[in-house]
4 protein chains.
Amino acid sequence: MARVRVGDMRRRQLISATIDSIHDVGFSATTLQSISRHAGVSTGLVAHYFKDKDGLLEATLRSLASDLSAAIVEKLRQAVTPRDRLAAVVAGLLAPEQFEPRIARVWLAFWGQVTHAPKLKRVQNIYEKRLLANLRHAFKQVLPAEQAEEQAIALAALIDGLWLRAALSREPSNADQAQTLCLAFIDNVMERQRTSCSAA
Amino acid sequence: MARVRVGDMRRRQLISATIDSIHDVGFSATTLQSISRHAGVSTGLVAHYFKDKDGLLEATLRSLASDLSAAIVEKLRQAVTPRDRLAAVVAGLLAPEQFEPRIARVWLAFWGQVTHAPKLKRVQNIYEKRLLANLRHAFKQVLPAEQAEEQAIALAALIDGLWLRAALSREPSNADQAQTLCLAFIDNVMERQRTSCSAA
Amino acid sequence: MARVRVGDMRRRQLISATIDSIHDVGFSATTLQSISRHAGVSTGLVAHYFKDKDGLLEATLRSLASDLSAAIVEKLRQAVTPRDRLAAVVAGLLAPEQFEPRIARVWLAFWGQVTHAPKLKRVQNIYEKRLLANLRHAFKQVLPAEQAEEQAIALAALIDGLWLRAALSREPSNADQAQTLCLAFIDNVMERQRTSCSAA
Amino acid sequence: MARVRVGDMRRRQLISATIDSIHDVGFSATTLQSISRHAGVSTGLVAHYFKDKDGLLEATLRSLASDLSAAIVEKLRQAVTPRDRLAAVVAGLLAPEQFEPRIARVWLAFWGQVTHAPKLKRVQNIYEKRLLANLRHAFKQVLPAEQAEEQAIALAALIDGLWLRAALSREPSNADQAQTLCLAFIDNVMERQRTSCSAA
DNA sequence: CATGAATGAGTTTTCATTCAT
DNA sequence: TATGAATGAAAACTCATTCAT
């Protein structure tokens, strides 16, 4: 069991080094050497823990996705109303730590690869679906099914778009402003619903 | 002059082959060989027209950006009201041809590289600034300055986000639905403005 | 420590293979492949020990220079009189091993490059200065400063010239004859000095 | 006939450009492109006048050698005594124009190649033999055959050595000083001869 | 005559992977 | 476990040569 933990630590260390390397030099310039330099270990070690480079990359994306999921789940736990749930998802996705260049850039780099790497694509799909299901479910509690689907897509797009611009821009990004814009969007959608309901 | 055109044709041919290759095998698997195979020429020819691979990649991004700019400019020409202008930008950015995988995937691939390649970054910055200026200007005609800035960012994010999800998804994307969502956003912003104005 | 030695052995092996290759096919026809073929290793190994081809070439010149320096220093150790010292330098520079084509041709090949490769130039400069200093110092013990400088240059030129003609000629060269000519030059200079002194 | 002259001018122009290129970037970095850039013509032109690159290089060395020969022959014409003849050869070989880096470096660069390029070797051999024959012949008029041969070799070596050091050093070289050293050598040899004769 | 576009072989360099220690 | 030496294939890049115009 202690053994297992040592192995897990090494794995985490290598994943972290991979993120650092992608952040520093980009995806295509990231080599096993640049990773192992970041990790302070030898190149041969990767094979020991991840079979090959692709295995390490997949594990890295999986790690990013699961960290993000965990953060959202944590915030959802305290949510009561549908608006709470939507706000929780927004808060998770646009949390300051997701805006840090170290993370945002790496997500972006992976997205550029995802379309051509089936294994990465699969990881991304899971995250994607889960996110949309969360938003759709919350909207359905206050909107008719069709509109709920539509607004879920719109909100997801808004979130991704805000995050994308943050990742692309060089200025330290403003997570607060992004969240405010999303909450405004949510409130706006809901208010229109209330208005049209009461009008009918 | 005929000479110039022959050279320009070759340049375009190589750029097109680069786009094809990135679309087919992704950014990091795109090699000079994969490009020249697509173009039906020898690998050495790239040096003749673009100095090296980076030069070709930069020219490719520049070509994508200028095509997009031209499309927007064309649509803006017929716009009269601020709403027309916003709709024109949306129509340009979310035009069906921008949703074609051949284009969308390549944009995405470049975005993954942009943060680490200063020369690419510069190209992207220009496009980015111009876009935002367009939106800001249109919004300023109907909103107070501060809100205009904010909504310009939100709309840009919504556009990018919609486009991004389309690029990431494998299903043939719905350009119409994306545009509809954006127009709804625009109308919504404007209507709220009208309401609050008349209320005041 | 054993590790270090293994690495040093490989380095020496690659340097020796470089010398062999330059001797066999010349400087410009020497490729990493011709070198690694001589060494019986793969081409990739050069990067492991010398970063790149230039690094290997620089190390090779440095190795030639340091071997030569060591030989001279060894001979100087037993020298007592100024004439001994001059004879020792001559004996070192015009030693039979310096006349072997394997060494002589490679020196010549490097000299052809030295003027255009700052890193090589630096190596050559060090060797050059040290040599001249040795000769000057010995001459100063028997000649006035100005003449000593002059004769040091002349002797150095004579040595280099003799060696150069040997390197250029295809016949197995006569190290003995070359040394004899130099010693005659030295004795001649000294005798004139004695004569003019006693005359005065 | 006018045709021939135009061709000759082009040939000279290309040879001159080759010398310039070797001087500027060295032998191995000299390409047909660097040459044609220097000459202000297209790369394809070389084939027209010299068959291929090797042909141009050979013609260049031949041109250097014939210029040098012509200079020596010119100076020999006015020589009367043996000493005059030796001085003329020295004056030709160590003339200021041969000390100019543009020429000296290029000679040196060729020497580095000569041992591996039979065609170049042949050119160099001719020059070499002619030079030695000149010196030997002059010395034979004042020395016994064996000594004449020996001193001819020594003087040739001294000349080459002086020239070599000039080519390797970066400082603008002193042709005068070099000639003075050679003349001192000559006079010295001759004086010893006279002395020993009169003594006998 | 002269150009420069185009080729394709050859060279350097990079790098994931393997393996003996 | 961990290292880093070693490999070999694949990449980018260079360049002499050819050829249509």
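All figures in this text were calculated on a predicted structure; none of them were measured in a lab. Side chains are part of it too, since the values below use all heavy atoms of this structure and drop only hydrogens, waters and symmetry mates. Here is the naming used below: chain letters follow the sequence lines, and residue numbers restart at 1 for every chain.
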Inset, instruction - Using the closest heavy atom to pick a nucleotide of DNA chain F for each, name whichever of C/L45 or D/D54 lands nearer the 5' end. - result: C/L45
Legend entry - Whole-Å gap separating P (F/dT1) and CE (A/M9): 12 Å
Legend entry - 5' priority, DNA chain E, between C/T31 and B/V41 [closest heavy atom]: B/V41
Inset, instruction - Could you state the atom-to-atom distance from CZ of C/F50 to C1' of F/dA5 in whole Å? - result: 14 Å
Legend entry - Protein-nucleotide distance (A/K51, atom NZ; E/dA16, atom C1'), rounded to Å: 12 Å
Legend entry - Closest approach of A/S36 to A/L32 (non-hydrogen atoms, all atoms of both residues): OG-O, 2.7 Å
Inset, instruction - Rounded to the nearest angstrom, tell me the gap between atom CD in B/Q13 and atom P in E/dA6. - result: 8 Å
Inset, instruction - Could you please name the partner base of E/dT21, counting Watson-Crick and G-U wobble pairs only when both distances are under 3.5 Å? - result: F/dA2
Legend entry - Pairwise distance CG(C/L56) to OG1(C/T30) - rounded to 0.5 angstrom: 10.0 Å
Inset, instruction - Quick one: closest heavy-atom pair of C/W111 and C/Q124, and the distance? - result: NE1-CG, 4.3 Å
Legend entry - Selected nucleotide, minimal atom distance to D/Y49 side chain, candidates F/dT18, E/dC1, E/dT17: E/dC1
Legend entry - Qualifying residue, where the test is salt bridge (charged side-chain N to carboxylate O under 4.0 Å, His left out) with C/D20 and the options are C/R102, C/R105, C/R37: C/R102
Legend entry - Nearest-Å distance for atom pair NZ/P, residues D/K53 and E/dA9: 19 Å
Legend entry - Counterpart base for F/dT14, defined by Watson-Crick or G-U wobble contacts under 3.5 Å: E/dA9
Legend entry - Value in whole Å for how far the P atom of E/dT7 lies from CZ of B/R37: 15 Å
Legend entry - For atom CG of D/L32 and atom P of E/dT7, their distance in whole Å: 19 Å
Inset, instruction - To the nearest Å, give me how far apart CG (C/D52) and C1' (E/dT14) are. - result: 12 Å
Inset, instruction - For F/dT7, take OP1 and OP2 only and decide whether either is under 4.0 Å from a side-chain N or O of C/S42. - result: yes
Inset, instruction - May I ask you to evaluate whether C/H48 reaches the phosphate of F/dA5, defined as a side-chain N or O under 4.0 Å from OP1 or OP2? - result: yes
Inset, instruction - Return no unless some side-chain N or O of B/R10 is found under 4.0 Å from OP1 or OP2 of E/dA5. - result: no
Inset, instruction - Any chance you could lay out the side-chain contact (heavy atoms from CB on, under 4.5 Å) test for C/V114 and C/L61, step after step, and finish with the verdict? - result: CA-CA 10 Å; C/V114 143; C/L61 179 56; 4.3 Å; yes
